[in-house]
Visitor: 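Following this message is one structure expressed as structure tokens.
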Amino acid sequence: QVQLVESGGGLVQAGDSLRLSCVASGRIFSIYAMGWFRQAPGKEREFVAYIPWSGSNTYYANSVKDRFTISRDNAKNTVNLQMNSLKPEDTAVYYCAADRIGKINHRPTTVDSYDDWGQGTRVTVSS
């Protein structure tokens, strides 16, 4: 199992920036990729960004492309999400998730593809 702890959420104004961090511990060697998801009140959890544990192919939801950047620091077992030009519609609880090795198919944008989840960090963007 992989334990994940997010941090960095808060209350900001539209146009501001935030940097979320996710620290992984436990069976680090079993991580294939990491993802960020978010869930707004009354809505389903949705994909935000993806990064492999090794390699550089990143994916983003269209709604955050060119505003958010996902990065990885393997030495610190950390994945970050830099969020710029925040909008009120970015308001949600943000979760990081780990997709473990040993599967035939990995689906970077799908909630069910991820095995371990953090507790979430709340981001509120006021207009």
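Not measured: the values here are computed from a predicted model.
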Visitor: Is there side-chain contact between Met34 and Cys22, with at least one heavy-atom pair below 4.5 Å?
Guide: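 Answer yes - side chains close enough.
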
Visitor: Report yes or no: do Val79 and Val5 belong to one cluster of Ile/Leu/Val/Met/Phe/Trp/Tyr joined by side chain heavy-atom distances under 4.5 Å?
Guide: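 No; Val5 is not reachable from Val79 via cluster members.
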
Visitor: Answer whether the closest heavy-atom distance between the side chains of Asp115 and Lys103 falls below 4.5 Å.
Guide: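 A side-chain contact under 4.5 Å exists here.
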
Visitor: How about His106 and Pro52: do any of their side-chain heavy atoms sit closer than 4.5 Å?
Guide: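 With C-beta onward as the side chain, the pair stays apart.
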
Visitor: Under 3.5 Å, is there a donor-acceptor pair between the Arg100 and Tyr32 side chains?
Guide: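 Judged by distance alone, the side chains do not pair up.
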
Visitor: Verify the neighbour count for atom CD of Gln119: are there more than 12 heavy atoms of other residues, nucleotides or ligands below 6.0 Å?
Guide: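 Yes, because the 6.0 Å sphere around CD of Gln119 holds more than 12 heavy atoms from other groups.
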
Visitor: Is a side-chain donor or acceptor of Thr124 paired with a backbone partner of Leu11 at a separation under 3.5 angstrom?
Guide: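 No; zero donor-acceptor contacts below 3.5 Å.
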
Visitor: Is there a path of hydrophobic side-chain contacts, each under 4.5 Å between heavy atoms of I, L, V, M, F, W or Y residues, that connects Leu86 with Tyr60?
Guide: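 Yes; tracing contacts between hydrophobic side chains, which count when under 4.5 Å, links both residues.
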
Visitor: Treating Ile, Leu, Val, Met, Phe, Trp and Tyr as nodes and any side-chain heavy-atom pair under 4.5 angstrom as an edge, say whether Tyr94 and Val12 lie in one connected cluster.
Guide: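 Same hydrophobic cluster.
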
Visitor: Would you call Arg27-Asp116 a salt bridge at under 4.0 Å N-O?
Guide: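 Salt bridge between Arg27 and Asp116, a charged N being under 4.0 Å from a carboxylate O: no.
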
Visitor: For the residue pair Trp117 and Glu6, establish whether any side-chain heavy-atom pair is separated by less than 4.5 Å.
Guide: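 SC-SC contact between Trp117 and Glu6 ruled out.
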
Visitor: Tell me, do Met83 and Leu20 make a side-chain contact under 4.5 Å, heavy atoms counted?
Guide: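 Contact flag for Met83/Leu20 side chains = yes.
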
Visitor: If two hydrophobic side chains count as joined below 4.5 Å and joins carry through other members, does Ile51 share a cluster with Tyr114?
Guide: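 Different hydrophobic clusters.
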
Visitor: Does Asn74 use its side chain to pair, donor to acceptor, with the backbone of Trp53 at less than 3.5 Å?
Guide: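 Between the backbone of Trp53 and the side chain of Asn74 there is a qualifying donor-acceptor contact (under 3.5 Å).
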
Visitor: Among side-chain atoms of Ser17 and Asn84, is any donor-acceptor pair under 3.5 angstrom?
Guide: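 Short answer, yes.
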
Visitor: Would you check if the side chain of Thr91 reaches a backbone N or O of Val125 as a donor-acceptor pair within less than 3.5 Å?
Guide: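 Yes: the side chain of Thr91 pairs with the backbone of Val125.
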
Visitor: Between Arg107 and Asp99, is there a salt bridge with N-O shorter than 4.0 Å?
Guide: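 Looking at Asp99 and Arg107, the cut-off is not met.
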
Visitor: Is the closest side-chain heavy-atom distance between Leu4 and Val23 below 4.5 Å?
Guide: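 Side chain of Leu4 against side chain of Val23, heavy atoms only: no contact under 4.5 Å found.
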
Visitor: Indicate, with yes or no, if the rings of Tyr95 and Phe37 have centres closer together than 6.0 Å.
Guide: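 No, the ring of Tyr95 stays outside the 6.0 Å limit from the ring of Phe37, centre to centre.
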
Visitor: I need the minimum non-hydrogen distance between Ile70 and Trp36, along with the two atoms involved.
Guide: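 In this case the closest contact between Ile70 and Trp36 is CD1-CD1, 3.6 Å.
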
Visitor: Contact between Thr121 and Ser7 at the side-chain level, heavy atoms closer than 4.5 Å - yes or no?
Guide: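 Result no, sub-4.5 Å side-chain heavy-atom pair not found.
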
Visitor: Going only through I, L, V, M, F, W and Y residues with side-chain contacts under 4.5 Å, is there a path from Ile101 to Tyr50?
Guide: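 In one cluster: yes.
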
Visitor: State, yes or no, whether a side-chain contact exists between Phe47 and Val111 at a heavy-atom distance under 4.5 Å.
Guide: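 No, side chains not in contact.
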
